[in-house]
Amino acid sequence: QVHVVESGGGLVQAGGSLRLSCTTSGLTFRRYAMGWFHQAPGKEREFVAAINSDGGNTDYADSVKGRFTISRDNAENTVYLQMSSLKPEDTAVYYCAADYNPTLPASRSSKYYNYWGQGTQVTVSS
């Protein structure tokens, strides 16, 4: 059984930082691209960042480029999202997702991601 579990969310002031973690089990982590998505109240789920299976290729939404960094530790089956210079508009539930994709760059489309976590709330106060 596959498990995807996010942690590290919380309340932070604008300009602050948070690091989200996502740990998986039940899958061969090194063969999966990993993505982070977020969903604000009343809005659709949106792509935030993604990383390919070996960590050599990353992609970011324009809204977070230069502020967020995605990374992974294949030995620990964990992907991270370091968030800096946070803004109130970053407030959302952040989801981690896994896409079986051993060879291609990670996708921005949620439809390719097979496994999802339950989400972790990030709230940025002004």
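Not a single salt bridge (Lys or Arg N to Asp or Glu O under 4.0 Å) links K43 to another residue, sequence neighbours left out. Partners of T23 under the side-chain contact (heavy atoms from CB on, under 4.5 Å) rule, at least two apart in sequence or in another chain, are T78. In this view, V12 and L18, L86, V124 satisfy the side-chain contact (heavy atoms from CB on, under 4.5 Å) rule, not counting sequence neighbours. Evaluation of the side-chain contact (heavy atoms from CB on, under 4.5 Å) rule for L11 yields T123, S125 as partners, not counting sequence neighbours. In this structure D59 satisfies the salt bridge (Lys or Arg N to Asp or Glu O under 4.0 Å) test together with R108, sequence neighbours excluded. Scanning for side chain to side chain donor-acceptor pair (under 3.5 Å) contacts around N114 gives an empty result, with sequence neighbours left out. Listed by chain and residue number, nothing satisfies the side chain to side chain donor-acceptor pair (under 3.5 Å) test with Q82 (two or more places apart in sequence, or in another chain). Partners of R67 by salt bridge (Lys or Arg N to Asp or Glu O under 4.0 Å), not counting sequence neighbours, listed by chain and number: D90.
Listed by first then second residue, pairs satisfying disulfide bond (SG atoms under 2.5 Å apart) with a partner in residues 50-126 read C22-C96, not counting sequence neighbours. Screening residues 55-85 for ring pair (Phe, Tyr, Trp, His ring centres under 6.0 Å) gives no qualifying pairs among residues at least two apart or on separate chains. Among residues at least two apart or in separate chains, ring pair (Phe, Tyr, Trp, His ring centres under 6.0 Å) pairs with a member in residues 103-126 are F37-Y113, F37-W116.
Across every non-hydrogen atom of A50 and S107, the tightest pair is CB-O, 4.0 Å. When every heavy atom of D54 is checked against every heavy atom of R72, the shortest pair comes out as C-CD, 4.5 Å.
Y95 and V48 are not part of a single hydrophobic cluster, where members link through side-chain heavy atoms under 4.5 Å apart. By the rule that hydrophobic residues join a cluster once side-chain heavy atoms approach within less than 4.5 Å of another member, V4 and V79 end up as members of one cluster. Residues V64 and F47 do not share a hydrophobic cluster, defined by chaining ILVMFWY side chains whose heavy atoms lie under 4.5 Å apart.
Between N57 and I51 the shortest side-chain heavy-atom distance does not fall below 4.5 Å.
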What donor-acceptor contacts under 3.5 angstrom involve side-chain atoms of residues 26-35, with partners at least two apart or in another chain?
| from | atom 1 | to | atom 2 | distance (Å) |
| --- | --- | --- | --- | --- |
| R31 | NE | Y100 | OH | 3.2 |
| R31 | NH2 | Y100 | OH | 3.3 |

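At least one donor-acceptor pair closer than 3.5 Å links the side chain of N101 to the backbone N or O of P105. Of the possible polar contacts, one joining the E6 side chain to the Q118 backbone as a donor-acceptor pair under 3.5 Å is found. At least one donor-acceptor pair under 3.5 Å links the side chain of S53 to the backbone N or O of P102.
Here the CG-OG distance, from L20 to S7, works out to 8.0 Å after rounding to the nearest 0.5 Å.
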- [ ] I would like to know whether M83 and V122 meet side-chain contact (heavy atoms from CB on, under 4.5 Å); could you show each step before the answer?
- [x] CA-CA 10 Å; M83 306 186 294; V122 171; 3.8 Å; yes

